Amino acid sequence: MTLTELSSILRECGVVGAGGAGFPSYAKLNEKADTVILNCAECEPLLKLHRQVMAKYAHEILRALHEVACAVGADNMIVAIKPTYHTAISAIEAELPSYDDKHARIGFLPSTFPAGDEVIVVYETTGRIVPPGKLPIAAGCIVYNVETMLNAYYAIKERRPVTHKYCTVTGAVKHPVTLRLPIGMKVSEVLSLAGGATIPDYAIVDGGPMMGKLTTENDVVTKTSNAYIVLPTSHYVVQKKKVHSPVAVNRAKSVCCHCNMCTSLCSRHLLGYPIDPSKFMTALSAGATGDIKPYINTFFCSGCGLCEMYSCFQDLNARSLIAVFKGGIRKGGVKMPPAEAAPVDPLRREKMVAHTRLTARLNLTQYNQEALLDERVIEPDILTITLSQHIGAPAVPCVKEGDRVTAGQEIAGIPDDALGVPIHSPLAGSVIGVSDKAIRIKKGENKR
Ligand code: SF4
Ligand code: SF4
(Lines give C-alpha, C1' and ligand atoms only; values in the text may rest on other atoms or scores of the structure.)
(Ligands and ions follow the chains in the order given, each with its own letter.)
Protein backbone atom coordinates (compact mmCIF):
# COMPACT_ATOMS: atom_id res chain seq x y z
CA MET A 1 0.00 0.00 0.00
CA THR A 2 1.35 3.44 -0.89
CA LEU A 3 1.66 6.27 1.59
CA THR A 4 -1.09 8.17 -0.24
CA GLU A 5 -3.48 5.20 -0.07
CA LEU A 6 -2.77 4.61 3.62
CA SER A 7 -3.15 8.30 4.37
CA SER A 8 -6.56 8.48 2.74
CA ILE A 9 -7.79 5.31 4.50
CA LEU A 10 -6.74 6.61 7.93
CA ARG A 11 -8.38 9.95 7.20
CA GLU A 12 -11.64 8.54 5.84
CA CYS A 13 -11.95 6.11 8.77
CA GLY A 14 -11.44 8.87 11.33
CA VAL A 15 -8.24 7.51 12.92
CA VAL A 16 -6.65 9.90 15.41
CA GLY A 17 -4.23 9.42 18.30
CA ALA A 18 -6.25 7.36 20.78
CA GLY A 19 -5.39 9.52 23.79
CA GLY A 20 -3.54 12.76 24.41
CA ALA A 21 -4.27 15.53 21.92
CA GLY A 22 -5.59 13.09 19.31
CA PHE A 23 -3.42 14.23 16.42
CA PRO A 24 -4.94 12.94 13.14
CA SER A 25 -2.94 9.80 12.32
CA TYR A 26 -2.73 10.34 8.56
CA ALA A 27 -0.89 13.62 9.17
CA LYS A 28 1.97 11.82 10.91
CA LEU A 29 2.83 9.67 7.88
CA ASN A 30 6.09 10.91 6.42
CA GLU A 31 8.66 9.38 4.08
CA LYS A 32 11.49 10.97 6.08
CA ALA A 33 10.93 8.41 8.86
CA ASP A 34 13.37 5.54 9.17
CA THR A 35 11.77 4.28 12.39
CA VAL A 36 8.20 3.64 13.49
CA ILE A 37 7.62 3.23 17.21
CA LEU A 38 4.65 1.66 18.95
CA ASN A 39 4.11 3.46 22.25
CA CYS A 40 2.93 1.02 24.93
CA ALA A 41 4.37 2.99 27.86
CA GLU A 42 1.11 3.68 29.69
CA CYS A 43 2.90 5.63 32.38
CA GLU A 44 -0.07 7.30 34.13
CA PRO A 45 -0.87 5.59 37.46
CA LEU A 46 -3.99 3.34 37.46
CA LEU A 47 -4.40 3.15 33.66
CA LYS A 48 -4.35 -0.39 32.25
CA LEU A 49 -5.85 -0.33 28.78
CA HIS A 50 -2.79 -0.30 26.54
CA ARG A 51 -1.08 -3.33 28.03
CA GLN A 52 -4.40 -5.24 28.01
CA VAL A 53 -5.24 -4.34 24.42
CA MET A 54 -1.66 -5.14 23.39
CA ALA A 55 -1.81 -8.57 25.03
CA LYS A 56 -5.04 -9.42 23.21
CA TYR A 57 -4.45 -7.84 19.81
CA ALA A 58 -0.68 -7.99 19.30
CA HIS A 59 -1.13 -9.59 15.88
CA GLU A 60 -3.46 -6.87 14.56
CA ILE A 61 -1.49 -4.00 16.10
CA LEU A 62 1.86 -5.14 14.72
CA ARG A 63 0.35 -5.78 11.27
CA ALA A 64 -0.79 -2.16 11.19
CA LEU A 65 2.58 -0.90 12.44
CA HIS A 66 4.27 -2.92 9.70
CA GLU A 67 1.89 -1.45 7.11
CA VAL A 68 2.91 2.03 8.29
CA ALA A 69 6.62 1.12 8.17
CA CYS A 70 6.27 -0.21 4.61
CA ALA A 71 4.22 2.79 3.42
CA VAL A 72 6.74 5.36 4.67
CA GLY A 73 9.78 3.21 3.81
CA ALA A 74 11.05 2.87 7.40
CA ASP A 75 13.48 0.03 8.13
CA ASN A 76 13.00 -0.07 11.88
CA MET A 77 9.97 -1.12 13.94
CA ILE A 78 10.24 -0.69 17.69
CA VAL A 79 7.71 -1.63 20.35
CA ALA A 80 8.31 0.66 23.34
CA ILE A 81 7.09 -1.05 26.49
CA LYS A 82 7.92 -1.47 30.16
CA PRO A 83 9.56 -4.74 31.22
CA THR A 84 6.81 -5.39 33.78
CA TYR A 85 4.05 -5.84 31.16
CA HIS A 86 4.76 -9.57 30.94
CA THR A 87 1.62 -10.79 29.13
CA ALA A 88 1.84 -8.08 26.49
CA ILE A 89 5.57 -8.76 25.99
CA SER A 90 4.93 -12.50 25.45
CA ALA A 91 2.30 -11.65 22.83
CA ILE A 92 4.69 -9.27 21.06
CA GLU A 93 7.57 -11.75 21.15
CA ALA A 94 5.37 -14.35 19.48
CA GLU A 95 4.65 -11.94 16.61
CA LEU A 96 7.95 -10.17 16.01
CA PRO A 97 9.63 -13.01 14.02
CA SER A 98 7.00 -12.44 11.27
CA TYR A 99 8.60 -9.10 10.48
CA ASP A 100 12.10 -10.13 9.44
CA ASP A 101 11.97 -7.73 6.46
CA LYS A 102 12.42 -4.96 9.07
CA HIS A 103 14.65 -4.48 12.08
CA ALA A 104 11.80 -5.25 14.46
CA ARG A 105 12.52 -5.22 18.17
CA ILE A 106 11.26 -4.40 21.63
CA GLY A 107 12.64 -1.22 23.19
CA PHE A 108 12.34 -1.32 26.95
CA LEU A 109 11.28 1.82 28.78
CA PRO A 110 12.08 2.60 32.41
CA SER A 111 9.22 2.19 34.90
CA THR A 112 9.10 5.92 35.46
CA PHE A 113 6.79 8.85 34.76
CA PRO A 114 6.38 10.26 32.11
CA ALA A 115 7.90 7.44 30.05
CA GLY A 116 5.09 7.75 27.48
CA ASP A 117 5.90 11.31 26.38
CA GLU A 118 6.79 10.84 22.67
CA VAL A 119 10.03 12.79 23.11
CA ILE A 120 11.06 10.45 25.91
CA VAL A 121 9.93 7.33 24.02
CA VAL A 122 12.13 8.35 21.08
CA TYR A 123 15.13 9.02 23.34
CA GLU A 124 14.78 5.83 25.39
CA THR A 125 14.38 3.54 22.38
CA THR A 126 16.69 5.14 19.81
CA GLY A 127 19.00 7.46 21.76
CA ARG A 128 17.89 10.36 19.52
CA ILE A 129 16.77 13.76 20.81
CA VAL A 130 13.72 15.32 19.17
CA PRO A 131 14.76 18.98 18.79
CA PRO A 132 12.82 21.30 21.15
CA GLY A 133 9.53 22.40 19.61
CA LYS A 134 9.65 19.79 16.84
CA LEU A 135 7.76 16.56 16.23
CA PRO A 136 9.39 13.09 16.41
CA ILE A 137 9.73 13.08 12.62
CA ALA A 138 12.52 15.64 13.06
CA ALA A 139 14.46 12.75 14.63
CA GLY A 140 13.37 10.35 11.86
CA CYS A 141 10.62 8.72 13.97
CA ILE A 142 6.86 8.31 13.87
CA VAL A 143 5.19 7.31 17.14
CA TYR A 144 1.71 5.77 17.40
CA ASN A 145 0.04 4.31 20.45
CA VAL A 146 -1.41 0.83 20.80
CA GLU A 147 -5.10 1.59 20.28
CA THR A 148 -4.36 3.92 17.38
CA MET A 149 -2.66 1.05 15.57
CA LEU A 150 -5.55 -1.30 16.38
CA ASN A 151 -7.92 1.24 14.84
CA ALA A 152 -5.58 1.56 11.86
CA TYR A 153 -5.64 -2.23 11.41
CA TYR A 154 -9.43 -2.34 11.14
CA ALA A 155 -9.41 0.71 8.89
CA ILE A 156 -6.88 -0.91 6.52
CA LYS A 157 -8.42 -4.39 6.55
CA GLU A 158 -12.15 -3.66 6.66
CA ARG A 159 -12.43 0.10 6.13
CA ARG A 160 -14.00 0.06 9.59
CA PRO A 161 -14.21 3.60 11.02
CA VAL A 162 -13.36 4.57 14.59
CA THR A 163 -16.57 4.59 16.63
CA HIS A 164 -15.48 3.25 20.02
CA LYS A 165 -12.82 3.94 22.66
CA TYR A 166 -11.21 1.71 25.27
CA CYS A 167 -11.34 3.30 28.72
CA THR A 168 -10.28 2.17 32.17
CA VAL A 169 -12.95 2.93 34.78
CA THR A 170 -11.40 2.79 38.21
CA GLY A 171 -10.84 4.46 41.58
CA ALA A 172 -13.70 4.35 44.06
CA VAL A 173 -16.04 2.23 41.91
CA LYS A 174 -17.49 -1.19 42.74
CA HIS A 175 -15.98 -3.08 39.80
CA PRO A 176 -12.94 -1.46 38.21
CA VAL A 177 -12.91 -2.48 34.57
CA THR A 178 -11.59 -1.60 31.11
CA LEU A 179 -14.41 -1.24 28.58
CA ARG A 180 -14.86 -0.60 24.88
CA LEU A 181 -17.24 2.34 24.88
CA PRO A 182 -19.16 3.98 22.03
CA ILE A 183 -18.12 7.60 21.52
CA GLY A 184 -20.83 9.94 22.74
CA MET A 185 -21.78 7.81 25.76
CA LYS A 186 -22.50 9.73 28.96
CA VAL A 187 -19.99 9.43 31.79
CA SER A 188 -22.79 8.65 34.29
CA GLU A 189 -23.68 5.56 32.23
CA VAL A 190 -20.01 4.59 32.02
CA LEU A 191 -19.72 4.68 35.82
CA SER A 192 -22.83 2.47 36.14
CA LEU A 193 -21.10 -0.19 34.05
CA ALA A 194 -18.38 -0.28 36.71
CA GLY A 195 -20.99 -0.74 39.43
CA GLY A 196 -21.14 2.95 40.32
CA ALA A 197 -19.23 4.99 42.86
CA THR A 198 -18.61 3.47 46.29
CA ILE A 199 -18.47 6.83 48.06
CA PRO A 200 -21.10 9.58 48.31
CA ASP A 201 -18.93 12.63 47.76
CA TYR A 202 -16.76 12.14 44.69
CA ALA A 203 -15.14 13.80 41.71
CA ILE A 204 -14.32 12.24 38.34
CA VAL A 205 -10.99 12.59 36.58
CA ASP A 206 -11.13 12.20 32.78
CA GLY A 207 -7.76 10.67 31.89
CA GLY A 208 -4.79 9.83 34.08
CA PRO A 209 -4.31 11.34 37.53
CA MET A 210 -1.31 13.37 36.33
CA MET A 211 -2.50 14.83 33.02
CA GLY A 212 -6.26 14.22 33.12
CA LYS A 213 -8.83 16.87 33.93
CA LEU A 214 -11.88 16.99 36.15
CA THR A 215 -15.10 16.13 34.39
CA THR A 216 -18.77 15.62 35.23
CA GLU A 217 -21.29 12.83 34.82
CA ASN A 218 -22.89 14.78 31.97
CA ASP A 219 -19.73 14.75 29.88
CA VAL A 220 -19.35 12.18 27.09
CA VAL A 221 -16.77 9.73 25.76
CA THR A 222 -14.59 10.97 22.87
CA LYS A 223 -11.94 9.40 20.64
CA THR A 224 -9.26 10.58 23.08
CA SER A 225 -10.85 9.47 26.39
CA ASN A 226 -8.63 7.00 28.20
CA ALA A 227 -9.97 6.63 31.72
CA TYR A 228 -12.54 7.73 34.24
CA ILE A 229 -11.20 7.74 37.78
CA VAL A 230 -13.56 8.26 40.70
CA LEU A 231 -11.92 9.83 43.76
CA PRO A 232 -13.13 11.51 46.96
CA THR A 233 -13.56 15.27 46.40
CA SER A 234 -11.04 15.84 49.18
CA HIS A 235 -8.41 13.66 47.49
CA TYR A 236 -5.01 15.23 46.76
CA VAL A 237 -5.31 14.62 42.98
CA VAL A 238 -8.73 16.30 42.82
CA GLN A 239 -7.67 19.27 44.90
CA LYS A 240 -4.55 19.81 42.76
CA LYS A 241 -6.74 20.03 39.67
CA LYS A 242 -8.88 22.82 41.15
CA VAL A 243 -6.35 25.55 40.57
CA HIS A 244 -7.44 29.17 40.69
CA SER A 245 -4.65 31.01 38.87
CA PRO A 246 -4.67 34.34 40.81
CA VAL A 247 -4.53 32.40 44.08
CA ALA A 248 -1.79 30.15 42.69
CA VAL A 249 0.27 33.23 41.73
CA ASN A 250 -0.16 34.73 45.21
CA ARG A 251 0.86 31.45 46.82
CA ALA A 252 3.96 31.36 44.60
CA LYS A 253 4.81 34.91 45.66
CA SER A 254 4.46 33.94 49.31
CA VAL A 255 6.20 30.61 49.56
CA CYS A 256 8.26 29.70 46.48
CA CYS A 257 11.71 29.38 48.00
CA HIS A 258 13.47 28.94 44.63
CA CYS A 259 14.72 25.56 45.74
CA ASN A 260 14.91 24.48 42.07
CA MET A 261 13.45 21.05 42.75
CA CYS A 262 10.78 21.48 40.06
CA THR A 263 13.48 22.12 37.46
CA SER A 264 15.78 19.46 38.81
CA LEU A 265 13.14 16.76 38.20
CA CYS A 266 11.46 18.30 35.12
CA SER A 267 11.18 15.53 32.53
CA ARG A 268 11.90 17.79 29.55
CA HIS A 269 14.63 19.81 31.30
CA LEU A 270 16.50 16.57 32.03
CA LEU A 271 16.62 15.92 28.29
CA GLY A 272 18.20 19.32 27.68
CA TYR A 273 15.05 21.25 26.77
CA PRO A 274 15.15 24.94 27.76
CA ILE A 275 12.03 24.76 29.98
CA ASP A 276 12.90 25.82 33.53
CA PRO A 277 9.86 25.87 35.86
CA SER A 278 11.85 27.20 38.82
CA LYS A 279 13.06 30.24 36.85
CA PHE A 280 9.52 30.75 35.56
CA MET A 281 8.05 30.70 39.07
CA THR A 282 10.75 33.04 40.32
CA ALA A 283 10.18 35.53 37.49
CA LEU A 284 6.40 35.32 37.76
CA SER A 285 6.26 35.77 41.50
CA ALA A 286 8.64 38.76 41.30
CA GLY A 287 6.85 40.25 38.27
CA ALA A 288 10.26 40.39 36.61
CA THR A 289 10.35 41.32 32.91
CA GLY A 290 14.04 42.11 32.37
CA ASP A 291 14.70 38.64 31.03
CA ILE A 292 11.79 37.16 29.07
CA LYS A 293 13.40 33.74 28.52
CA PRO A 294 11.74 32.05 31.54
CA TYR A 295 8.37 33.07 30.06
CA ILE A 296 9.06 32.29 26.40
CA ASN A 297 10.57 28.92 27.25
CA THR A 298 7.21 27.77 28.63
CA PHE A 299 6.59 26.66 25.02
CA PHE A 300 8.86 23.67 25.73
CA CYS A 301 6.81 22.32 28.65
CA SER A 302 5.00 19.04 27.90
CA GLY A 303 2.43 19.56 30.66
CA CYS A 304 3.43 16.29 32.34
CA GLY A 305 2.66 17.74 35.77
CA LEU A 306 5.63 16.38 37.71
CA CYS A 307 6.56 19.85 38.92
CA GLU A 308 3.23 20.51 40.62
CA MET A 309 1.99 17.00 41.47
CA TYR A 310 5.29 15.55 42.73
CA SER A 311 8.36 17.78 42.93
CA CYS A 312 7.27 20.89 44.81
CA PHE A 313 7.30 20.44 48.57
CA GLN A 314 5.52 23.80 48.90
CA ASP A 315 2.56 22.40 46.94
CA LEU A 316 2.75 25.12 44.28
CA ASN A 317 1.28 24.95 40.79
CA ALA A 318 4.04 25.45 38.24
CA ARG A 319 2.45 23.32 35.50
CA SER A 320 -0.93 25.05 35.73
CA LEU A 321 0.57 28.52 35.75
CA ILE A 322 2.83 27.62 32.83
CA ALA A 323 -0.22 26.39 30.88
CA VAL A 324 -2.14 29.60 31.55
CA PHE A 325 0.85 31.73 30.65
CA LYS A 326 1.67 29.76 27.49
CA GLY A 327 -1.97 29.97 26.35
CA GLY A 328 -1.94 33.71 26.94
CA ILE A 329 1.20 34.50 24.98
CA ARG A 330 0.08 32.20 22.13
CA LYS A 331 -3.19 34.11 21.94
CA GLY A 332 -1.19 37.31 21.88
CA GLY A 333 0.58 36.10 18.73
CA VAL A 334 3.90 35.07 20.29
CA LYS A 335 5.48 32.19 18.36
CA MET A 336 7.64 29.41 19.71
CA PRO A 337 11.26 30.57 19.54
CA PRO A 338 13.92 28.46 17.80
CA ALA A 339 15.89 26.47 20.35
CA GLU A 340 18.50 23.77 20.61
CA ALA A 341 18.70 21.10 23.26
CA ALA A 342 21.50 21.27 25.81
CA PRO A 343 23.30 18.00 26.67
CA VAL A 344 21.18 15.45 28.53
CA ASP A 345 21.57 15.76 32.31
CA PRO A 346 24.25 13.21 33.30
CA LEU A 347 22.18 12.34 36.40
CA ARG A 348 18.93 11.96 34.45
CA ARG A 349 18.55 8.24 35.29
CA GLU A 350 18.90 8.95 39.00
CA LYS A 351 16.45 11.84 38.89
CA MET A 352 13.64 10.10 37.02
CA VAL A 353 10.51 9.51 39.10
CA ALA A 354 9.60 5.85 39.70
CA HIS A 355 6.04 4.92 38.80
CA THR A 356 5.42 3.15 42.13
CA ARG A 357 6.79 6.10 44.08
CA LEU A 358 4.58 8.49 42.14
CA THR A 359 1.51 6.31 42.72
CA ALA A 360 2.24 6.33 46.46
CA ARG A 361 2.92 10.09 46.55
CA LEU A 362 -0.41 10.74 44.82
CA ASN A 363 -2.09 8.60 47.47
CA LEU A 364 -3.40 6.23 44.79
CA THR A 365 -1.86 2.90 45.82
CA GLN A 366 -5.18 1.70 47.26
CA TYR A 367 -6.84 2.27 43.87
CA ASN A 368 -4.21 0.44 41.83
CA GLN A 369 -6.59 -2.37 40.90
CA GLU A 370 -6.83 -4.96 38.11
CA ALA A 371 -9.55 -3.34 35.92
CA LEU A 372 -9.70 -6.33 33.54
CA LEU A 373 -10.62 -5.88 29.88
CA ASP A 374 -14.34 -6.52 29.27
CA GLU A 375 -15.45 -6.22 25.64
CA ARG A 376 -19.19 -6.67 26.06
CA VAL A 377 -21.34 -4.88 23.49
CA ILE A 378 -22.49 -1.54 24.90
CA GLU A 379 -25.35 0.32 23.19
CA PRO A 380 -26.76 3.24 25.18
CA ASP A 381 -30.17 4.63 24.17
CA ILE A 382 -28.78 8.05 23.36
CA LEU A 383 -25.36 9.24 22.26
CA THR A 384 -24.17 12.85 22.18
CA ILE A 385 -21.28 12.89 19.74
CA THR A 386 -19.19 16.04 19.93
CA LEU A 387 -17.86 17.61 16.73
CA SER A 388 -14.53 18.72 18.20
CA GLN A 389 -12.91 15.74 19.88
CA HIS A 390 -9.23 16.34 19.25
CA ILE A 391 -6.63 18.67 17.80
CA GLY A 392 -7.52 19.99 14.33
CA ALA A 393 -10.65 21.41 12.73
CA PRO A 394 -14.06 20.46 14.12
CA ALA A 395 -16.14 18.13 11.93
CA VAL A 396 -19.13 19.53 10.04
CA PRO A 397 -22.47 17.67 10.36
CA CYS A 398 -23.68 15.95 7.18
CA VAL A 399 -26.91 14.64 8.71
CA LYS A 400 -29.98 16.50 9.94
CA GLU A 401 -32.58 15.92 12.61
CA GLY A 402 -34.90 13.08 11.64
CA ASP A 403 -32.33 11.26 9.48
CA ARG A 404 -31.79 7.58 10.05
CA VAL A 405 -28.19 6.40 10.29
CA THR A 406 -26.47 3.03 10.20
CA ALA A 407 -23.65 1.90 12.46
CA GLY A 408 -20.40 3.21 11.00
CA GLN A 409 -22.07 5.82 8.77
CA GLU A 410 -20.30 9.17 8.43
CA ILE A 411 -22.31 11.80 10.30
CA ALA A 412 -19.87 14.71 10.17
CA GLY A 413 -17.25 15.44 7.55
CA ILE A 414 -14.14 17.54 7.28
CA PRO A 415 -13.22 20.05 4.57
CA ASP A 416 -10.60 18.67 2.15
CA ASP A 417 -7.98 21.27 3.03
CA ALA A 418 -8.43 21.10 6.84
CA LEU A 419 -6.43 19.06 9.33
CA GLY A 420 -9.00 16.70 10.83
CA VAL A 421 -11.07 13.57 10.33
CA PRO A 422 -14.75 12.73 9.89
CA ILE A 423 -16.95 11.29 12.62
CA HIS A 424 -19.04 8.12 12.28
CA SER A 425 -22.01 6.83 14.21
CA PRO A 426 -21.27 3.98 16.64
CA LEU A 427 -24.77 2.56 16.29
CA ALA A 428 -27.87 2.47 14.07
CA GLY A 429 -30.61 4.89 14.98
CA SER A 430 -32.16 8.28 14.36
CA VAL A 431 -30.64 11.72 14.55
CA ILE A 432 -32.55 13.58 17.25
CA GLY A 433 -30.49 16.75 17.37
CA VAL A 434 -27.79 18.63 15.48
CA SER A 435 -25.98 21.73 16.74
CA ASP A 436 -22.64 23.36 16.03
CA LYS A 437 -21.22 21.42 19.00
CA ALA A 438 -22.70 17.91 18.77
CA ILE A 439 -24.96 15.39 17.05
CA ARG A 440 -27.41 13.40 19.15
CA ILE A 441 -28.41 9.91 18.06
CA LYS A 442 -31.14 7.72 19.50
CA LYS A 443 -30.60 4.00 19.19
CA GLY A 444 -33.17 2.22 17.05
CA GLU A 445 -33.86 -0.11 14.16
CA ASN A 446 -32.67 1.23 10.87
CA LYS A 447 -34.80 -0.10 8.03
CA ARG A 448 -32.80 1.44 5.17
S1 SF4 B 1 9.82 23.32 43.66
FE2 SF4 B 1 8.23 24.74 44.38
S3 SF4 B 1 9.25 25.99 45.90
FE4 SF4 B 1 10.87 25.00 44.72
S5 SF4 B 1 11.34 26.45 43.07
FE6 SF4 B 1 9.82 25.06 42.27
S7 SF4 B 1 7.85 26.09 42.66
FE8 SF4 B 1 9.39 27.09 43.97
S1 SF4 C 1 4.82 20.12 33.50
FE2 SF4 C 1 6.51 20.77 34.82
S3 SF4 C 1 7.83 18.97 34.95
FE4 SF4 C 1 6.50 18.63 33.20
S5 SF4 C 1 7.62 19.45 31.43
FE6 SF4 C 1 6.35 21.13 32.20
S7 SF4 C 1 7.66 22.26 33.60
FE8 SF4 C 1 8.63 20.26 33.27
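These numbers were taken from a predicted model, which means no experiment stands behind them. Indexing begins at 1, ligand by ligand and atom by atom, following the structure's order.
Atom numbering of ligand 2 starts at 1 in the shown order; those under 4.0 Å from a heavy atom of Arg319 are 1 (S). Residue Ile275 approaches ligand 2 through these ligand atoms, each under 4.0 Å from one of its heavy atoms: 7 (S). Listed by number with element, the atoms of ligand 1 under 4.0 angstrom from any heavy atom of His258 are 5 (S). Taking every non-hydrogen atom of Ser302 and a distance limit under 4.0 Å, the qualifying atoms of ligand 2 come out as 5 (S), 6 (Fe). Each of the following atoms of ligand 2 lies closer than 4.0 Å to a heavy atom of Gly303: 1 (S), 6 (Fe). Within the listing of ligand 2, atoms 1 (S), 4 (Fe) sit less than 4.0 angstrom from a heavy atom of Gly305. For ligand 2 and Ile322, the ligand atoms under 4.0 Å from any heavy atom of the residue are 7 (S). Numbered from 1 in the order shown, with element, the atoms of ligand 2 that lie under 4.0 Å from a heavy atom of Cys266 read 3 (S), 5 (S), 7 (S), 8 (Fe).
Between Arg51 and Glu370 there is no salt bridge, since none of the side-chain N atoms of the basic residue sits less than 4.0 Å from a carboxylate O of the acidic one. Glu118 and Lys28 are joined by a salt bridge, as a carboxylate oxygen and a charged side-chain nitrogen come within less than 4.0 angstrom of each other.
For the residue pair Lys326 and Asn297, no side-chain donor N or O sits within less than 3.5 Å of a side-chain acceptor on the partner. Under 3.5 Å, the side chains of Asn226 and Lys165 contain a donor-acceptor pair of N or O atoms. Thr224 and Gln389 share no side-chain donor-acceptor pair at under 3.5 Å.
Not a single donor-acceptor pair under 3.5 Å links the side chain of Tyr166 to the backbone N or O of Gln52. Of the possible polar contacts, none joining the Asn76 side chain to the Lys102 backbone as a donor-acceptor pair under 3.5 Å is found.
With respect to atom 4 (Fe) of ligand 2, the closest heavy atom belonging to the protein is Cys304 SG, 2.4 Å. Looking at atom 6 (Fe) of ligand 2, its nearest protein heavy atom turns out to be Cys301 SG, 2.4 Å.
For the pair Arg361 and Tyr310, the cation sits on the ring face: its NZ or CZ lies under 6.0 Å from the ring centre, inside 45° of the axis.
Below 30°, between 30° and 60°, or above 60°: for Phe325 and Phe280 the angle between ring planes is above 60°, a perpendicular geometry.
Aromatic rings from Tyr99 and His66 are positioned such that their centres are separated by under 6.0 Å.
Tested against Tyr228, the residues Leu179, Val221, Val173 include a single side-chain contact (heavy atoms from CB on, under 4.5 Å) partner, Val221.
Atoms of the protein (N, O or S only) found under 2.8 Å from atom 2 (Fe) of ligand 1 are Cys312 SG.
With a 4.0 Å cut-off on non-hydrogen atoms, Asn260 touches ligand 1 through its backbone and not its side chain.
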